[in-house]
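Here the structure is laid out as structure tokens; the discussion comes afterwards.
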Amino acid sequence: MKQHILPAIRLTVICLVFFVGVYSLLILGIAQAAPNHGEGEVVTVNDKVVGYKLEGQSFTNDKYFNGRPSAVGYNAAGSGGSNKGPSNPDYLKDVQNKIDTFLVHNPTIDTEDIPADLITASGSGLDPDISAKSALVQIPRIAKCRNISQDKLTDLVQHNIQAPLLGMLGTERVNVLQLNTELDNLK
């Protein structure tokens, strides 16, 4: 028995040192090489911090593009989804409420034209991006609120579309904070 316990204890100590010490320092080193040293990419306007590029935020004013709904109220400390399945009655009621709210603010849009990412939360609840279609479907509302031509807004959205990773992983997406920041600068 002694010949089995000592190697097990040694392996445990080695794993503790490696995974607590070496691995943590490796990840810290990688984070230090990242933009802003792993602290997140801060978005500033007129030397004022308005948010983080990779964290979703709530935009509820009709003159702005809306992002994805959040199951955690955009609280980065409690990232997560609702964990409700697609057949859960509470979840279905919540989605229907989001559809109804969207249609109140976007009366020119038909229900079947609402992209799923505008009425369903992401897995983290903090997704900063929406699909290109989600941005384009909101243009009539924003054009009316800001008295800006739809063509100008379409150009702004097209300018902010990010291609899928490596041209094939994921879908085209638009960062909502970046889009709304540029929208405020649009004349």
Side-chain angles (χ1 to χ4, degrees), residues 1-45 47-60 65-99 101-102 114-135 160-181:
M1 185 156 129
K2 207 180 205 185
Q3 68 191 55
H4 296 295
I5 290 178
L6 289 177
I9 290 173
R10 268 190 244 126
L11 181 61
T12 301
V13 170
I14 290 170
C15 285
L16 278 171
V17 169
F18 179 78
F19 290 113
V20 172
V22 176
Y23 179 75
S24 297
L25 290 174
L26 176 71
I27 296 300
L28 177 64
I30 292 170
Q32 293 303 309
N36 210 24
H37 306 292
E39 297 292 322
E41 274 186 74
V42 178
V43 176
T44 58
V45 175
D47 296 325
K48 181 182 173 197
V49 174
V50 294
Y52 286 89
K53 186 176 181 183
L54 298 178
E55 276 184 29
Q57 298 183 54
S58 177
F59 288 97
T60 56
F65 288 92
N66 301 119
R68 285 193 82 161
S70 174
V72 294
Y74 301 98
N75 180 357
S79 171
S82 69
N83 294 333
K84 294 178 182 166
S87 62
N88 182 303
D90 292 337
Y91 175 75
L92 294 173
K93 189 185 307 178
D94 190 35
V95 169
Q96 187 59 52
N97 288 339
K98 288 174 184 162
I99 290 171
T101 301
F102 185 82
I114 302 172
D117 58 327
L118 285 178
I119 55 172
T120 58
S122 66
S124 69
L126 299 171
D127 195 344
D129 302 322
I130 56 175
S131 65
K133 183 178 179 187
S134 292
N160 279 281
I161 292 176
Q162 299 167 17
L165 183 64
L166 302 175
M168 63 182 166
L169 300 175
T171 60
E172 290 183 331
R173 64 197 184 287
V174 178
N175 184 287
V176 179
L177 177 59
Q178 183 177 333
L179 183 62
N180 284 331
T181 302

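Note that these values count all heavy atoms, side chains included, but never hydrogens, waters or copies made by symmetry.
Every residue two or more places apart in sequence or in another chain that forms a ring pair (Phe, Tyr, Trp, His ring centres under 6.0 Å) with F59 is listed here: Y64.
The two atoms that bring A135 and L179 nearest to each other are CB-CD2, 4.3 Å, heavy atoms only. Between L169 and P164, the shortest heavy-atom contact is O-CB, 3.5 Å. Looking at every heavy atom in both residues, K53 comes nearest to V43 through N-CG2, 3.8 Å.
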List the atom pairs, donor and acceptor, that lie under 3.5 Å between side-chain atoms in residues 114-123 and the rest of the protein, sequence neighbours left out.
{"from": "D117", "atom 1": "OD1", "to": "S131", "atom 2": "OG", "distance (Å)": "3.3"}
{"from": "D117", "atom 1": "OD1", "to": "S134", "atom 2": "OG", "distance (Å)": "2.5"}
{"from": "D117", "atom 1": "OD2", "to": "S131", "atom 2": "N", "distance (Å)": "2.7"}
{"from": "D117", "atom 1": "OD2", "to": "S131", "atom 2": "OG", "distance (Å)": "3.3"}
{"from": "D117", "atom 1": "OD2", "to": "S134", "atom 2": "OG", "distance (Å)": "3.2"}
{"from": "T120", "atom 1": "OG1", "to": "R68", "atom 2": "NH2", "distance (Å)": "3.3"}
{"from": "T120", "atom 1": "OG1", "to": "A116", "atom 2": "O", "distance (Å)": "2.7"}
{"from": "S122", "atom 1": "OG", "to": "G125", "atom 2": "N", "distance (Å)": "3.1"}

Residues 9-33 side chain polar contacts: donor-acceptor under 3.5 Å, at least two apart:
{"from": "T12", "atom 1": "OG1", "to": "A8", "atom 2": "O", "distance (Å)": "2.8"}
{"from": "S24", "atom 1": "OG", "to": "V20", "atom 2": "O", "distance (Å)": "2.7"}

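Rounding to the nearest 0.5 angstrom, the gap separating the CD1 atom in I161 from the NZ atom in K133 is 13.5 Å. Note that CG of L54 and CD of E41 are 6.0 Å apart. Values are rounded to the nearest 0.5 Å. Q178 CD to T181 OG1: the interatomic distance, rounded to the nearest 0.5 Å, is 7.5 Å.
Q162 and N175 share no donor-acceptor pair across their side chains, judged by distance under 3.5 Å alone.
Screening I99, D94, L92 for a side-chain contact (heavy atoms from CB on, under 4.5 Å) with Q96, the sole residue that qualifies is I99.
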Side chain to side chain contact (heavy atoms under 4.5 Å, CB included) between Y52 and V42, worked out: CA-CA 5 Å; Y52 286 89; V42 178; 3.6 Å; yes

